[in-house]
Enquirer: 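Okay, here's the structure, questions in a sec.
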There are 2 protein chains.
Amino acid sequence: MSDPLHHFVEEFALAYEMAGIPRTAGRILGWLMVCDPPEQTASQLVEALGASKASISTMTRLLVQMHLIERVPKRGSRQDHFRIRPGTWSERVKSGLAGLSVYKTLADRGLRLLENAPPERGERLREMRELYAFFEEELQGLFERYERRKRKRKG
Amino acid sequence: MSDPLHHFVEEFALAYEMAGIPRTAGRILGWLMVCDPPEQTASQLVEALGASKASISTMTRLLVQMHLIERVPKRGSRQDHFRIRPGTWSERVKSGLAGLSVYKTLADRGLRLLENAPPERGERLREMRELYAFFEEELQGLFERYERRKRKRKG
DNA sequence: CTTTTTGTTCAGTATTGACTAAACAAACCA
DNA sequence: TGGTTTGTTTAGTCAATACTGAACAAAAAG
C-alpha cells in the first residue's frame with residue numbers, strides 16, 4: 001500500500017508498538033484516528049488493514065479492555081462498530097503517569113527493608129522515592145489544569 | 001531465596017519488566033539499589049542473582065547503553081565494577097516524558113494528510129495533538145522546578 | 001612463556017506472543 | 001427449518017528474545 005494514509009497508519013502502529021501495543025492493535029488505532037466515517041465495522045477493519053478476522057476480533061477486544069476504543073451500537077445493523085473512545089489519549093497519558101506511583105511504592109518497600117541498616121545505604125532508594133513522589137503530586141495538578149483549559153475552550 | 005532482600009529484587013525486576021526491561025537486567029538494577037557496597041563486580045552479580053556469566057555480561061552492557069548503570073574503574077582491581085548511575089531515575093523519567101513528543105509529531109503528520117479533507121475529520125487528531133503539546137510544554141517547567149528544589153536541598 | 005583470572009561471543013534451547021486458517025457458535029433472514 | 005452473515009475460539013505456525021554452557025580472547029600474575 002503506497003497510499004499515504006496507510007503509511008501513516010503504519011507509523012502510528014510502530015510508535016505504539018514501542019509502548020507495548022501489538023502491531024495490529026496499533027494499526028486499528030491509527031486507522032480509527034483518520035478513517036471516514038469514524039465508526040468502522042470489523043469487516044471494514046479487515047478490509048482496510050489486511051489482517052485476518054481472528055486478529056481483528058482479538059485485538060479489538062484487547063483495545064476495548066484497555067479503554068482505547070469502544071463498541072458503538074448501531075441500530076439497523078447487527079455488525080459491530082468501533083471507534084476511538086473520546087478522551088482516550090487524555091486518559092492514556094493520565095494513567096501512564098499515574099503508573100509512576102508503582103515505583104514510589106517500590107522504593108518505599110525497599111526502604112523498609114533497610115530500616116536497620118546504616119542510613120547511607122538507603123540513599124539510592126530515598127532519591128528514587130523523592131523523585132517519584134514529587135511527580136506523582138505535581139502531575140495531579142497539571143492534569144487538573146489541562147482539564148480546566150480544555151473545558152474552557154469547549155464551553 | 002526467601003531472603004527478603006532478594007524478594008525485593010524480584011519485585012523490582014518484575015516492575016521494570018513491564019517497562020520492557022529484561023528480567024535479569026531488572027534484577028541487576030534492583031540489586032544495585034540495595035546492595036552493600038553499592039559497587040559490585042560482575043562475579044558478585046553472578047553470585048547474588050544466580051544468573052550466568054553470559055547473561056550478566058550482556059545485560060550490564062545493555063544497562064550501560066541505556067545509561068541506567070555505569071562501569072566504575074577501580075584501581076588495584078582488574079574486575080569490572082558497576083553501580084547505579086547517579087541521577088538515573090531522574091533522567092529516566094525525563095526522557096520517558098520527553099518521549100511524549102513523538103505522539104505530537106505523529107498527530108501533526110496525520111493532520112497534514114487531512115489538510116484537504118473536511119475539517120471535522122481532523123478533530124480526533126487535533127485533540128490528540130493539543131493534549132501532547134500541552135504536556136510537552138508543561139513538563140519542561142515541571143522538571144526545572146524539580147531540579148531547582150533538589151539543588152536547594154543539597155546545597 | 002605458561003597459567004589463571006575475567007569478560008565477551010557464539011550456538012543452541014526454551015518461552016513467549018502475534019498472527020492465520022479453519023472449526024465453531026450465534027443471530028438474522030429466507 | 002435451512003442458509004447466510006458475523007464474530008469468537010482453537011490449533012498450529014512463525015519470529016523474536018532471554019537465557020545458558022562452552023568456546024574464545026585478553027590481560028595480569030606466576
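Since this is a predicted model, take the numbers as computed values, not measurements. A note on names: the letters A, B, ... follow the listed sequences, proteins ahead of strands, and every chain is numbered from 1.
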Enquirer: Does anything in residues 67-74 of chain A reach DNA chain C, meaning a heavy atom under 4.0 Å, and if so which residues?
Expert: none

Enquirer: Between B/Ile56 (CD1) and C/dG7 (C1'), how many Å, whole number?
Expert: 12 Å

Enquirer: Would you mind reading off the distance between B/Leu62 atom CG and C/dT8 atom P, rounded to a whole angstrom?
Expert: 13 Å

Enquirer: Quick one: do B/Arg121 and B/Glu115 make a salt bridge, cutoff under 4.0 Å?
Expert: no

Enquirer: Quick check on the helix from C/dC1-D/dG30 to C/dA30-D/dT1: what's the angle between its two end axes, five base pairs per end, to the nearest 10°?
Expert: 10°

Enquirer: For a quick test of reading the model, state the closest non-hydrogen atom pair linking B/Leu111 to B/Arg129 and the distance between them.
Expert: CD1-CD, 4.1 Å

Enquirer: Rounded to whole angstroms, how far apart are CD on B/Glu47 and P on C/dT6?
Expert: 14 Å

Enquirer: Just do the side-chain contact (heavy atoms from CB on, under 4.5 Å) check on B/Ile69 and B/Arg85 with the steps written out, would you?
Expert: CA-CA 5 Å; B/Ile69 66 175; B/Arg85 191 152 163 274; 5.6 Å; no

Enquirer: Do B/Thr88 side-chain atoms and B/Leu68 backbone N/O form a donor-acceptor pair below 3.5 Å?
Expert: yes

Enquirer: Could you walk me through whether A/Glu127 and B/Lys150 pass salt bridge (Lys or Arg N to Asp or Glu O under 4.0 Å), step by step?
Expert: CA-CA 10 Å; A/Glu127 192 182 328; B/Lys150 192 169 138 194; 3.7 Å; yes

Enquirer: Of the candidate nucleotides D/dT9, C/dT9, D/dT20, which contains the atom at the shortest distance from the side chain of B/Arg61?
Expert: C/dT9

Enquirer: Which nucleotide in the list D/dG7, D/dT20, C/dT9 gets nearest to the side chain of B/Ala51?
Expert: D/dT20

Enquirer: Report the distance from atom CE of A/Met59 to atom C1' of D/dG7, rounded to the nearest whole Å.
Expert: 16 Å

Enquirer: Before you tell me yes or no, could you show the steps for A/Glu123 and A/Arg126 under salt bridge (Lys or Arg N to Asp or Glu O under 4.0 Å), namely the whole-Å CA-CA distance, both residues' side-chain angles and the distance that decides it to 0.1 Å?
Expert: CA-CA 5 Å; A/Glu123 197 44 51; A/Arg126 260 191 301 278; 3.5 Å; yes

Enquirer: Can you name the ring-ring contact (aromatic ring centres under 6.0 Å, His included) partners of A/Phe134, sequence neighbours left out?
Expert: B/Tyr146

Enquirer: side-chain contact (heavy atoms from CB on, under 4.5 Å) for B/Leu97 and A/Leu97? Distances and angles first, verdict last.
Expert: CA-CA 9 Å; B/Leu97 297 180; A/Leu97 297 180; 3.4 Å; yes

Enquirer: How many whole angstroms separate atom CD of A/Glu17 from atom C1' of C/dC19?
Expert: 13 Å

Enquirer: Judged by atom type as modelled, is there a donor-acceptor pair below 3.5 Å linking the side chain of A/Glu47 to the main-chain atoms of A/Gln44?
Expert: no

Enquirer: Taking only Lys NZ, Arg NE, NH1 and NH2, and the carboxylate oxygens of Asp or Glu, determine whether A/Glu138 and B/Arg145 approach each other closer than 4.0 Å.
Expert: yes

Enquirer: To the nearest angstrom, how far is A/Asp80 atom CG from C/dA25 atom C1'?
Expert: 14 Å

Enquirer: Measure all distances between protein nitrogen or oxygen atoms and nitrogen or oxygen atoms of nucleotides 22-30 of chain D, and list the pairs falling under 3.5 Å.
Expert:
none

Enquirer: Going by the angle between their ring planes, with limits at 30° and 60°, are B/Trp89 and B/Tyr16 parallel, tilted or perpendicular?
Expert: tilted

Enquirer: OP1, OP2 of D/dG21 versus side-chain N and O of B/Ser52: anything below 4.0 Å?
Expert: no

Enquirer: Where along residues 20-30 of chain A does a heavy atom fall under 4.0 Å from DNA chain C?
Expert: A/Pro22, A/Arg23, A/Thr24

Enquirer: What residues, two or more places apart in sequence or in another chain, satisfy salt bridge (charged side-chain N to carboxylate O under 4.0 Å, His left out) together with B/Lys74?
Expert: B/Glu39

Enquirer: Tell me: CE of B/Met18 to P of C/dG17, nearest whole Å?
Expert: 12 Å

Enquirer: Please answer whether the main-chain N or O of A/Glu91 pairs with a side-chain N or O of A/Ser95 as donor and acceptor at a distance below 3.5 Å.
Expert: yes

Enquirer: Given D/dT8, D/dG7, C/dG7, identify the nucleotide with an atom nearest to the side chain of A/Ser57.
Expert: D/dT8

Enquirer: Atom CD of A/Gln44 to atom P of D/dT5: distance rounded to whole Å?
Expert: 17 Å

Enquirer: Is B/Met128 reachable from A/Met18 through a run of hydrophobic residues whose side-chain heavy atoms are each under 4.5 Å from the next?
Expert: no

